[in-house]
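As the structure is a computational prediction, the values presented were derived from the model and not from experiment.
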Amino acid sequence: MKIAAAVQEARIAPTIAESTEILIVTEENGTPVAKESIAIGADGITSVLFKLSMQNIDVLLAGEVGTALQSTLRMLGIQLLPGCQGDAVETIAAYMAGETVGDPSKISIPEEDENDPMNCIHDCAKCMAECSNAQPKAAK
């Protein structure tokens, strides 16, 4: 099993977007067998998601997480434990020891946006309306 933590200065980052690295601990039969740290690129959350999916992460320990990101992690097959805080290594060790870590209430639900015609709260993966800042596609 691979357990990851979104980290900023050796502590669980307040949000995944604020993380500067991903700490990954591989455990087998309850024993850690490998520890790795992967730096996050300048593209922020996109880089985090890409690196998590490429590493086949099973569990992600994180701070506060939005609903769209929670859904994306679920689609990637990653179990999310939001509301974690403190030293990243100690938090992973507590999780491996079977202690309760995190706070499920730390899933933030964005307010509705009256300028969002699809009422998708800018979750373009949900509405496929491409409502990001991307330029409109040219007609064929």
Interatomic spacing from [atom1] in [X] to [atom2] in [Y] - rounded to 0.5 Å:
{"X": "L61", "Y": "L80", "atom1": "CG", "atom2": "CG", "value": "9.0 Å"}
{"X": "E64", "Y": "D103", "atom1": "CD", "atom2": "CG", "value": "10.0 Å"}
{"X": "I78", "Y": "T72", "atom1": "CD1", "atom2": "OG1", "value": "10.0 Å"}

Using side-chain contact (heavy atoms from CB on, under 4.5 Å), reason through I57 and L76 one step at a time and then give a plain yes or no. CA-CA 9 Å; I57 300 301; L76 292 172; over 6 Å; no
What heavy-atom pair brings [X] and [Y] nearest, and what distance separates the two atoms?
{"X": "A6", "Y": "I16", "value": "CB-CG1, 4.2 Å"}
{"X": "A5", "Y": "I12", "value": "CB-CD1, 3.6 Å"}
{"X": "M1", "Y": "D58", "value": "CA-OD2, 3.2 Å"}
{"X": "S19", "Y": "Q8", "value": "CA-CB, 4.5 Å"}

Is it possible for you to say whether L81 and V65 belong to one hydrophobic cluster, with membership spreading through side-chain heavy-atom contacts below 4.5 Å? no
Group every Ile, Leu, Val, Met, Phe, Trp and Tyr by side-chain heavy-atom contacts under 4.5 Å, then state whether V59 and L52 land in the same group. no
Throw together a table of side-chain donor-acceptor distances under 3.5 angstrom for residues 82-97, partners on residues two or more places apart or in other chains.
residue: D87; atom: OD2; partner: V89; partner atom: N; Å: 3.1
residue: D87; atom: OD2; partner: E90; partner atom: N; Å: 2.9
residue: T91; atom: OG1; partner: Q85; partner atom: O; Å: 3.4
residue: T91; atom: OG1; partner: D87; partner atom: O; Å: 2.7

Identify all side-chain donor-acceptor contacts of residues 21-40 below 3.5 Å with residues at least two apart in sequence or on another chain.
residue: E21; atom: OE1; partner: S37; partner atom: OG; Å: 2.1
residue: E27; atom: OE1; partner: G30; partner atom: N; Å: 2.7

